[in-house]
There are 4 protein chains.
Amino acid sequence: MRGHSTGNPQERGTSRGPRAAERIYEATLELLAERGYQDLTVEAVAERAGVNKTTIYRWWPSKAPLLRSALLHSRVLDVEIADTGSLRGDLVALAGQMVRMVSDQRTSVVARAMLSGGGQDELAVVARDFFADRLERERPLFARAVARGELAADADPVLLIDLIAGAVWMRALLRQLPLEKGFVESVVDAVVPPRLQESDPSNRSS
Amino acid sequence: MRGHSTGNPQERGTSRGPRAAERIYEATLELLAERGYQDLTVEAVAERAGVNKTTIYRWWPSKAPLLRSALLHSRVLDVEIADTGSLRGDLVALAGQMVRMVSDQRTSVVARAMLSGGGQDELAVVARDFFADRLERERPLFARAVARGELAADADPVLLIDLIAGAVWMRALLRQLPLEKGFVESVVDAVVPPRLQESDPSNRSS
Amino acid sequence: MRGHSTGNPQERGTSRGPRAAERIYEATLELLAERGYQDLTVEAVAERAGVNKTTIYRWWPSKAPLLRSALLHSRVLDVEIADTGSLRGDLVALAGQMVRMVSDQRTSVVARAMLSGGGQDELAVVARDFFADRLERERPLFARAVARGELAADADPVLLIDLIAGAVWMRALLRQLPLEKGFVESVVDAVVPPRLQESDPSNRSS
Amino acid sequence: MRGHSTGNPQERGTSRGPRAAERIYEATLELLAERGYQDLTVEAVAERAGVNKTTIYRWWPSKAPLLRSALLHSRVLDVEIADTGSLRGDLVALAGQMVRMVSDQRTSVVARAMLSGGGQDELAVVARDFFADRLERERPLFARAVARGELAADADPVLLIDLIAGAVWMRALLRQLPLEKGFVESVVDAVVPPRLQESDPSNRSS
DNA sequence: TGGTAAACGAGACGGTACGTCAGGTCTTTCA
DNA sequence: TGAAAGACCTGACGTACCGTCTCGTTTACCA
């Protein structure tokens with residue numbers, strides 16, 4: 001009766017990481033926040049986690065995968081898609097979340113980190129997966145909008161998302177301008193013109 | 001007096017750079033193209049330029065300013081704004097240029113480099129200045145559009161640019177997706193809806 | 001047969017070593033031959049023997065005792081003392097054996113290994129025991145010589161052995177010179193001058 | 001008139017070693033004495049010398065050459081050949097020196113070190129050179145003995161030295177026996193029989 | 001024949017040192 | 001005398017073995 005256990009795959013010796021994984025993840029994210037990705041070193045993570053350097057190298061080949069694991073494990077990148085009842089409302093909520101991501105100290109560091117290497121090194125995988133995952137969670141939003149008649153059935157959700165997200169990232173991280181109040185609404189309105197939203201109010205009840 | 005000669009501001013005996021500046025710039029850009037920004041090292045630049053490391057450090061405090069100089073000196077980032085006679089045409093041309101920048105081997109490396117550090121380190125200055133400079137060159141485009149009545153006088157050009165550029169960068173560098181044919185037009189049409197452009201020609205005269 | 005007596009001590013159920021002892025010894029000696037003592041690692045021995053590292057550490061505290069066991073188990077260091085009928089002949093045979101030991105690939109590595117640490121570390125025990133054991137086997141040779149009148153009764157056999165062996169080791173391992181033909185005879189003649197051997201044949205019968 | 005200097009080749013920027021060479025040599029020999037060759041680490045040398053590890057690696061590829069330099073620079077291995085007026089006296093003095101070398105704490109460590117690796121690794125060069133150099137310094141001793149008629153002109157000095165030195169090293173380092181009083185004389189007498197020394201006293205005056 | 005104790009395999013771990021690379025600084029040389 | 005060269009310190013890299021430990025799994029004796 002040893003091995004049947006409860007069914008939780010994590011439970012037995014799945015050995016999916018070092019024993020001190022938790023502490024290592026914490027240390028990684030702390031140091032990322034303190035120093036940025038470039039100055040994040042495996043050595044420092046090991047020391048802060050109270051773990052030997054070799055232990056980290058045993059499980060992750062370099063700092064990018066390590067950070068990737070830490071990010072996946074923590075939930076800082078988790079996305080929540082609100083359902084406000086209207087396309088505009090959903091998009092404003094979405095854009096607001098993006099703004100928060102590039103503004104909040106804890107997540108902006110991660111966002112900047114994902115830019116590091118510009119999609120070239122291993123961290124790029126994190127970025128790509130993150131955006132892909134996000135996209136999947138966002139699709140229902142558009143499906144709802146189509147169902148409500150707020151959006152043409154052949155509209156390209158990815159394009160809309162990229163326009164919105166791109167504008168946010170562009171301004172905050174590349175132009176390095178503050179994101180003023182009203183910015184979110186401007187962006188959404190530019191992409192989904194208000195007149196389209198209002199043209200058929202009856203759709204909302206359907 | 002070494003530089004003798006004409007009126008090129010670089011050439012004056014103002015000691016604005018090391019004697020081997022040219023070779024250093026070349027080496028810098030070559031290595032950037034070969035290795036990317038992260039793996040661009042002052043050490044390697046010095047060696048390829050046939051110059052001692054200290055010579056570089058005397059003139060530039062770190063690799064970011066060095067790259068900045070190299071980029072300014074070369075003309076890879078120069079922008080040309082076309083005048084096609086219509087807002088849509090101008091924007092398509094503009095977006096096409098952006099696509100080329102993130103696609104072409106020589107410039108995409110630079111684009112990725114500008115993302116490095118996510119606007120945190122010294123290279124951010126390059127990015128910020130680049131986008132600011134670009135913006136100034138692009139403003140006349142919008143002025144013309146306003147004059148032609150294709151755009152409301154209070155429209156925000158920065159927003160339009162950010163939407164377009166953001167979408168391009170987003171897709172190419174963060175999502176790491178290929179930019180298909182027609183993408184440029186889709187982007188522009190999403191931001192400046194065709195129906196607005198065509199639906200009411202009389203607007204132009206107003 | 002060295003161990004005289006009946007039951008091979010190894011064979012009793014006294015659990016004097018791991019089950020895979022044989023393979024471990026082989027691996028040890030192979031690796032010693034390939035890499036020398038310094039670069040002989042427990043890790044490599046374990047791998048080649050197809051045994052877990054801990055199995056080795058369970059039985060031997062470190063690599064020196066391991067090597068010691070391996071050497072004792074193999075017979076590479078076994079000595080055979082010839083009886084040629086004359087002191088000179090016996091010594092020449094003896095010296096020849098020493099020369100072979102420091103020359104032959106398989107044993108010279110062992111000889112070098114015994115020098116490692118210069119009598120300081122645990123391997124020194126091997127060396128000391130080896131030479132002590134050798135000496136005991138050599139003593140009869142001198143007893144015979146004394147009986148034959150070739151050697152004064154109070155002559156010091158250890159000194160003679162050390163002179164001969166020392167010269168061989170000195171030249172081969174420290175001076176790193178080749179041992180030419182005739183070297184053995186020169187050494188023996190220097191220690192047991194021929195004139196003493198031949199000048200008074202009547203001594204033999206006395 | 002800066003550079004012409006006195007003619008000492010060491011004096012100018014011959015750059016034959018790091019600036020802190022002196023301290024590095026000291027640290028090396030100290031640590032050798034404290035820990036033995038095996039446990040001598042470049043890391044520790046660097047730390048004790050107050051020098052960075054890389055500085056050492058810049059000048060010496062590994063610890064063996066480093067130790068070699070340190071030994072050459074210090075004079076611990078210097079040999080002095082006495083002239084006592086007789087072959088026996090000279091050899092006794094010589095053997096005494098050897099005994100001192102393998103006995104004295106400061107030099108015995110070096111002697112043991114030279115055995116390390118058994119003439120296989122780079123330290124072997126130290127040993128070989130040391131013995132070769134010694135030999136050259138010892139040759140006059142034999143020349144004098146030949147001139148005095150104490151030694152046949154065709155006698156092999158190397159053999160005599162190897163017999164004496166070998167016996168000393170053998171007993172002290174391999175057999176690990178104490179060198180009792182009288183040992184030196186026994187060794188010399190065994191190699192250069194007293195009767196030969198005394199047979200023709202008149203030679204001495206010639 | 002079935003229980004049990006020794007031996008074993010698997011593999012993670014903290015640790016020391018390795019030898020290397022690059023970042024910057026400081027000192028010396030030289031034109 | 002100021003630019004260049006070169007030596008230097010610092011910090012981190014990623015790797016190899018070390019010797020230890022825990023935890024299940026054989027193996028083999030023997031009861």
Side-chain angles (χ1 to χ4, degrees), chain A residues 2-3 12-13 15-21 38-47 49-63, chain B residues 2 15 17-20 38-47 49-63 66, chain C residues 13-21 24 38-47 49-63, chain D residues 2-3 12-13 15-21 24 38-47 49-63:
Chain A
R2 191 169 347 121
R12 278 277 310 293
S15 74
R16 285 221 131 286
R19 291 200 275 268
Q38 308 266 8
D39 295 344
L40 175 67
T41 71
V42 172
E43 200 120 2
V45 170
E47 191 187 350
V51 142
N52 196 279
K53 195 170 51 157
T54 50
T55 296
I56 293 183
Y57 279 111
R58 239 188 300 273
W59 293 96
W60 297 278
S62 63
K63 78 172 166 178
Chain B
R2 192 168 356 117
S15 72
R19 293 200 273 268
Q38 307 266 11
D39 294 345
L40 174 66
T41 70
V42 173
E43 199 116 2
V45 170
E47 190 187 350
V51 144
N52 195 279
K53 200 168 49 158
T54 45
T55 298
I56 292 182
Y57 278 109
R58 213 194 320 282
W59 295 96
W60 298 278
S62 64
K63 81 171 166 178
L66 168 62
Chain C
T14 31
S15 71
R16 286 211 129 291
R19 291 201 276 268
I24 292 174
Q38 308 266 9
D39 295 344
L40 175 67
T41 71
V42 173
E43 200 116 4
V45 170
E47 192 188 349
V51 143
N52 196 279
K53 197 170 53 157
T54 46
T55 296
I56 293 183
Y57 279 110
R58 239 190 299 273
W59 294 95
W60 298 278
S62 63
K63 80 169 165 178
Chain D
R2 192 173 346 135
R12 275 280 308 295
S15 74
R16 285 221 131 287
R19 290 202 274 268
I24 293 174
Q38 308 265 12
D39 295 344
L40 176 66
T41 71
V42 172
E43 200 120 1
V45 170
E47 190 186 350
V51 142
N52 196 278
K53 196 169 51 156
T54 49
T55 296
I56 293 183
Y57 279 111
R58 229 193 310 276
W59 295 97
W60 298 278
S62 63
K63 79 171 166 177

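Throughout, a chain's letter reflects where its sequence line sits, starting with A, and its residues are numbered from 1.
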Exercise. What is the distance, rounded to the nearest whole Å, between atom CD of D:Glu47 and atom C1' of F:dC9?
Worked result: 14 Å
Problem set entry | Protein-nucleotide distance (A:Glu43, atom CD; E:dG15, atom C1'), rounded to Å | 13 Å
Exercise. For the helix from E:dT1-F:dA31 to E:dA31-F:dT1, what is the angle between the axes at its two ends, each from 5 pairs, rounded to 10°?
Worked result: 20°
For this session: Give the rounded distance in Å between these two atoms: CD1 of C:Ile56 and P of F:dT20.
Result: 14 Å
Problem set entry | Residues in side-chain contact (heavy atoms from CB on, under 4.5 Å) contact with D:Arg58, at least two apart in sequence or another chain | D:Thr54, D:Thr55
Exercise. Please give, in whole Å, the distance from E:dG23 P to B:Asp39 CG?
Worked result: 10 Å
Problem set entry | Nucleotide E:dG23, atom P - distance to NZ of B:Lys63 in whole Å | 7 Å
Seminar exercise, completed: When B:Ala20 and C:Ala44 are each assigned the nearest nucleotide of DNA chain F, the 5'-most assignment goes to B:Ala20
Exercise. Separation of C:Arg58 atom CZ from E:dA10 atom P, in whole Å?
Worked result: 12 Å
Exercise. Does C:Thr41 place a side-chain N or O at less than 4.0 Å from the phosphate oxygens OP1/OP2 of F:dA16?
Worked result: no
For this session: Under the side chain to side chain donor-acceptor pair (under 3.5 Å) rule, collect the residues that match up with A:Ser62, sequence neighbours excluded.
Result: A:Glu122
Exercise. By side-chain contact (heavy atoms from CB on, under 4.5 Å), which residues pair with A:Ala49, not counting sequence neighbours?
Worked result: A:Arg23, A:Ile24, A:Ala27, A:Val51
Exercise. side-chain contact (heavy atoms from CB on, under 4.5 Å) with C:Ala46: which residues, sequence neighbours excluded?
Worked result: C:Lys53, C:Ile56
Exercise. Taking the nucleotide of DNA chain F with the closest heavy atom to each, which residue, B:Thr54 or C:Val42, is nearer the 5' end?
Worked result: B:Thr54
Problem set entry | Atom pair NZ/CD of B:Lys63 and B:Gln38 - distance to nearest 0.5 Å | 6.5 Å
For this session: Select base, sugar-phosphate, or nothing to describe what A:Pro61 touches, counting heavy atoms under 4.0 Å on all strands.
Result: nothing
Exercise. Please give, in whole Å, the distance from E:dA12 P to A:Trp60 CH2?
Worked result: 12 Å
Exercise. Does A:Trp59 put a side-chain nitrogen or oxygen below 4.0 Å from OP1 or OP2 of E:dC13?
Worked result: yes
For this session: Calculate the interatomic distance between B:Lys53 atom NZ and F:dA7 atom C1'; express it in whole Å.
Result: 10 Å
For this session: Classify the nucleic acid contact of D:Ser62 as base, sugar-phosphate or nothing, counting any heavy atom under 4.0 Å across all strands shown.
Result: nothing
For this session: Using a heavy-atom cut-off of under 4.0 Å over every strand shown, decide if A:Arg19 touches base, sugar-phosphate, or nothing.
Result: sugar-phosphate
Exercise. For F:dA3, does OP1 or OP2 lie under 4.0 Å from any side-chain N or O of B:Thr55?
Worked result: no
